[in-house]
**Student:** 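Below is a structure I'd like to ask you about.
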Protein chains: 2
Amino acid sequence: MKNTVKLARIKANLTQQQLADKVGITRQTVSLIEKGKYNPSLKLCLQICYAVHAKLDEIFWIEQEEFE
Amino acid sequence: MKNTVKLARIKANLTQQQLADKVGITRQTVSLIEKGKYNPSLKLCLQICYAVHAKLDEIFWIEQEEFE
DNA sequence: TGTACATGTAATTTATATTTTACATTAAGT
DNA sequence: ACTTAATGTAAAATATAAATTACATGTACA
């Protein structure tokens with residue numbers, strides 16, 4: 001699950017730990033999501049969006065051609 | 001997890017079963033997602049988007065104020 | 001009537017996201 | 001050198017999404 005969470009997080013000036021705290025998940029989960037190794041739930045995606053002031057498509061959209 | 005999947009599905013002229021087949025999930029899962037009783041994975045959200053020709057924010061975005 | 005389609009939903013099982021605990025690496029500051 | 005913050009990652013446990021099976025309702029249509 002490729003995404004731009006890392007970029008958005010840095011733009012929001014947050015460490016993985018700070019983002020994790022804001023969202024209420026663990027730092028490990030943030031790390032794995034940024035690395036594209038997880039398929040996060042919609043709820044989590046939305047919470048990340050709120051934390052970094054972005055919308056879903058900015059961070060999580062993947063064109064169908066490059067999906068999987 | 002409120003969303004507009006049902007609307008988008010009907011606009012795309014698909015039954016729950018047809019959408020389920022396109023996405024590769026069961027009809028029950030589609031029903032439960034439409035009813036907001038599931039918290040679908042990002043992968044599933046994207047596949048639904050592709051099937052109904054929409055983007056994530058059109059179907060799954062929830063403003064923070066009305067989140068949960 | 002009766003049959004088929006579309007949908008809602010419940011119980012159980014299975015797959016997998018996420019947590020927890022833990023250890024490693026790198027870079028910055030002392 | 002030493003410490004600390006930030007990050008990557010692995011193994012085992014837990015939580016939960018999703019599948020499976022099954023049954024119920026309403027509607028349209030013969």
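Residue numbering restarts at 1 for every chain, and letters A, B, ... go by the order of the sequence lines.
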**Student:** Give the rounded distance in Å between these two atoms: CG of B:Leu42 and C1' of D:dA17.
**Tutor:**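 B:Leu42 atom CG is separated from D:dA17 atom C1' by 14 Å.
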
**Student:** Would you check if the side chain of A:Asn39 reaches a backbone N or O of B:Ser41 as a donor-acceptor pair within less than 3.5 Å?
**Tutor:**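 Side chain of A:Asn39 to backbone of B:Ser41, a donor-acceptor pair under 3.5 Å: no, none is there.
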
**Student:** Compare side-chain N and O positions of A:Arg27 against OP1 and OP2 of D:dA5 and report whether any pair is under 4.0 Å apart.
**Tutor:**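 Negative; the distance criterion is not met.
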
**Student:** In the structure I gave you, are the side-chain heavy atoms of A:Leu42 and B:Asn3 within less than 4.5 Å of one another anywhere?
**Tutor:**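 With C-beta onward as the side chain, the pair stays apart.
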
**Student:** Mapping A:Lys43 and A:Gln16 onto DNA chain D by nearest heavy atom, which one lands closer to the 5' end?
**Tutor:**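 Its nucleotide being nearer the 5' end, the pick is A:Gln16.
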
**Student:** Roughly, in whole Å, what's the span from CG in B:Asn13 to C1' in C:dA6?
**Tutor:**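 After rounding, the gap between these two atoms is 14 Å.
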
**Student:** Figure out the CD1/C1' separation between B:Ile48 and D:dA18, and round it to whole Å.
**Tutor:**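 Computing the B:Ile48:CD1 to D:dA18:C1' distance gives 12 Å.
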
**Student:** Whole angstroms only, please: what is the CD1-P distance between A:Ile33 and D:dG8?
**Tutor:**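 Taking CD1 of A:Ile33 and P of D:dG8, I get 13 Å after rounding.
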
**Student:** Examine D:dA19: is either OP1 or OP2 under 4.0 Å from a nitrogen or oxygen in the side chain of B:Thr29? Give yes or no.
**Tutor:**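 Affirmative; the distance criterion is met.
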
**Student:** Tell me what B:Ser41 touches on the nucleic acid: a base, only sugar-phosphate, or nothing, going by heavy atoms under 4.0 Å.
**Tutor:**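 B:Ser41: backbone/sugar contact only, no base atoms under 4.0 Å.
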
**Student:** Quickly work out the B:Tyr38 OH to C:dG8 P distance and round it to whole Å.
**Tutor:**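 To the nearest whole Å, that distance equals 14 Å.
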
**Student:** Could you tell me how far apart A:Glu34 (CD) and D:dA6 (P) are, to the nearest whole angstrom?
**Tutor:**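 Going from CD in A:Glu34 over to P in D:dA6 covers 14 Å.
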
**Student:** Please tell me if A:Thr26 has a side-chain N or O lying less than 4.0 Å from either OP1 or OP2 of C:dT20.
**Tutor:**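 Answer no for this pair, as no side-chain N or O of A:Thr26 is under 4.0 Å from OP1 or OP2.
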
**Student:** Is there a path of hydrophobic side-chain contacts, each under 4.5 Å between heavy atoms of I, L, V, M, F, W or Y residues, that connects A:Trp61 with A:Phe67?
**Tutor:**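 Result: yes, single cluster for both.
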
**Student:** Using a 4.5 Å cut-off on heavy atoms from C-beta on, say whether the side chain of B:Ile33 contacts that of B:Ile48.
**Tutor:**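 Side chain of B:Ile48 against side chain of B:Ile33, heavy atoms only: contact under 4.5 Å found.
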
**Student:** In whole angstrom, what separates B:Ile25's CD1 from D:dT20's C1'?
**Tutor:**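 Value for this atom pair: 14 Å.
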
**Student:** Could you tell me whether A:Leu32 contacts a base, only the sugar-phosphate backbone, or nothing, with contacts defined as non-hydrogen atoms closer than 4.0 Å?
**Tutor:**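 It contacts nothing in the nucleic acid.
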
**Student:** By nearest heavy atom, map B:Gln28 and B:Pro40 onto DNA chain D; which one lands nearer the 5' end?
**Tutor:**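 Final value for this comparison: B:Pro40.
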
**Student:** What does A:Ser31 touch in the nucleic acid at a heavy-atom separation under 4.0 angstrom: a base, only the sugar-phosphate, or nothing?
**Tutor:**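 Base, at least one base atom sits under 4.0 Å.
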
**Student:** Atom CG of B:Leu19 to atom C1' of C:dT7: distance rounded to whole Å?
**Tutor:**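 In whole Å, C:dT7 C1' lies 13 Å from B:Leu19 CG.
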
**Student:** 5'-most contact on DNA chain C: B:Gln17 or A:Leu44, nearest heavy atom basis?
**Tutor:**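 Its nearest nucleotide being more 5', the pick is B:Gln17.
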
**Student:** Can you tell me how far the CD1 atom of A:Ile10 sits from the CD atom of A:Glu34, to the nearest 0.5 Å?
**Tutor:**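 Here the interatomic distance stands at 7.0 Å.
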
**Student:** Between A:Lys6 and D:dG8, does any side-chain N or O lie under 4.0 Å from OP1 or OP2?
**Tutor:**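 The answer is yes; a side-chain N or O of A:Lys6 sits under 4.0 Å from OP1 or OP2.
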
**Student:** Pick the nucleotide of DNA chain C nearest each of B:Ile10 and A:Val30; which residue has the one closer to the 5' end?
**Tutor:**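 The residue closer to the strand's 5' end, by nearest nucleotide, is B:Ile10.
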
